[in-house]
Asks: 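Here's a structure for you.
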Amino acid sequence: MGQEIKRLSGGRRITDIVIDSSGLKVFGEGEWKVRQHGKSKRRTWRKIHLAVCADSQEIALSLLTENSESDGEALVAMADQLPATVERGYGDGAYDKTGCYQKFCERGIIPIVPPQRGAILHETAKEPWMAARNDAIRAIAGLGNDDEARAIWKKLMGYHTRSLAETAMYRYKTLFGSNLTSRKLGRQKGETFARSLAMNRMTQLGMPQGEWVL
């Protein structure tokens, strides 16, 4: 299960959630042997999944899973813990899965997820939660059904908001690295949870402000 982080500044009402995942390496004895003796050994990886508030850029949920768990499966596991105020969920093509649309529909969340190229319409009488995906397929087809049409659809839907999840993941790895120090999955979950809390605290203190220098 995901761990809910109740540290959003000022009790902000979350309406838009952006989701992303990335791999974290478990640096253990096997990696040390490779460095010292050149012996090959299978690396161990975990996946961290973040659901980020688009307004505050704070982490609303974090989930650590085995590397074999797909992004769609992780989203289904996390969705029930999302705040009830969430209205829109942004994710890349990895979340273009029936289970994700069904869970979003159950929670009353509008999915902003690009359908795969060549996607076909679903029969909504049997799968009503696929109506939003069908609408996206029709809209892209109406715009020309090519790469330019997909780009226009993304712009119209505000899909660029999803990049905030990538930014959050980049900040996470910049601050804490891409390795896990704990060896057991349970402790690794605690490690990533603590890191997420720490990053939220830093975010609350203020985000960096960039400006052009001529």
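These numbers come from the heavy atoms of this one structure, side chains and all, not from hydrogens, waters or symmetry mates.
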Asks: State whether a side-chain donor-acceptor pair under 3.5 Å links His49 with Thr65.
Replies: yes

Asks: With a 4.5 Å cut-off on side-chain heavy atoms, are Val26 and Gln188 touching?
Replies: yes

Asks: Side-chain polar contacts of residues 112-125 - donor-acceptor pairs under 3.5 angstrom, sequence neighbours left out - could you list them?
Replies:
residue: Arg117; atom: NE; partner: Asp147; partner atom: OD1; Å: 3.3
residue: Arg117; atom: NH2; partner: Asp147; partner atom: OD1; Å: 3.1
residue: His122; atom: ND1; partner: Glu127; partner atom: OE1; Å: 2.9

Asks: Do the side chains of Met169 and Leu24 join up, straight or via other hydrophobic residues, at under 4.5 Å, putting them in one cluster?
Replies: yes

Asks: Met202 and Leu164: same hydrophobic cluster, using ILVMFWY side-chain contacts below 4.5 Å?
Replies: yes

Asks: Run the salt bridge (charged side-chain N to carboxylate O under 4.0 Å, His left out) test against Glu66 and tell me which residues pass, sequence neighbours left out.
Replies: Arg46

Asks: Please check if any side-chain donor atom of Lys173 sits under 3.5 Å from a side-chain acceptor atom of Ser22, or the reverse.
Replies: yes

Asks: Which residues pass the side-chain hydrogen bond (donor to acceptor under 3.5 Å, both in side chains) test with Thr161, not counting sequence neighbours?
Replies: none

Asks: Examine Val52 and Leu175 and state if one hydrophobic cluster contains both, with Ile, Leu, Val, Met, Phe, Trp and Tyr joined whenever side-chain heavy atoms are less than 4.5 Å apart.
Replies: yes

Asks: Salt bridge or not between Lys97 and Asp71? Use side-chain N to carboxylate O under 4.0 Å.
Replies: no

Asks: With no hydrogens and no angle check, is any side-chain donor or acceptor of Arg107 less than 3.5 Å from a backbone partner on Leu82?
Replies: yes

Asks: Passes side-chain hydrogen bond (donor to acceptor under 3.5 Å, both in side chains), Ser182 versus Glu191? Steps please.
Replies: CA-CA 7 Å; Ser182 303; Glu191 184 178 338; 2.9 Å; yes

Asks: Under the 3.5 angstrom rule, does the side chain of Lys47 hit a backbone N or O of Glu69 as a donor-acceptor pair?
Replies: yes

Asks: Contact between Arg195 and Met199 at the side-chain level, heavy atoms closer than 4.5 Å - yes or no?
Replies: no

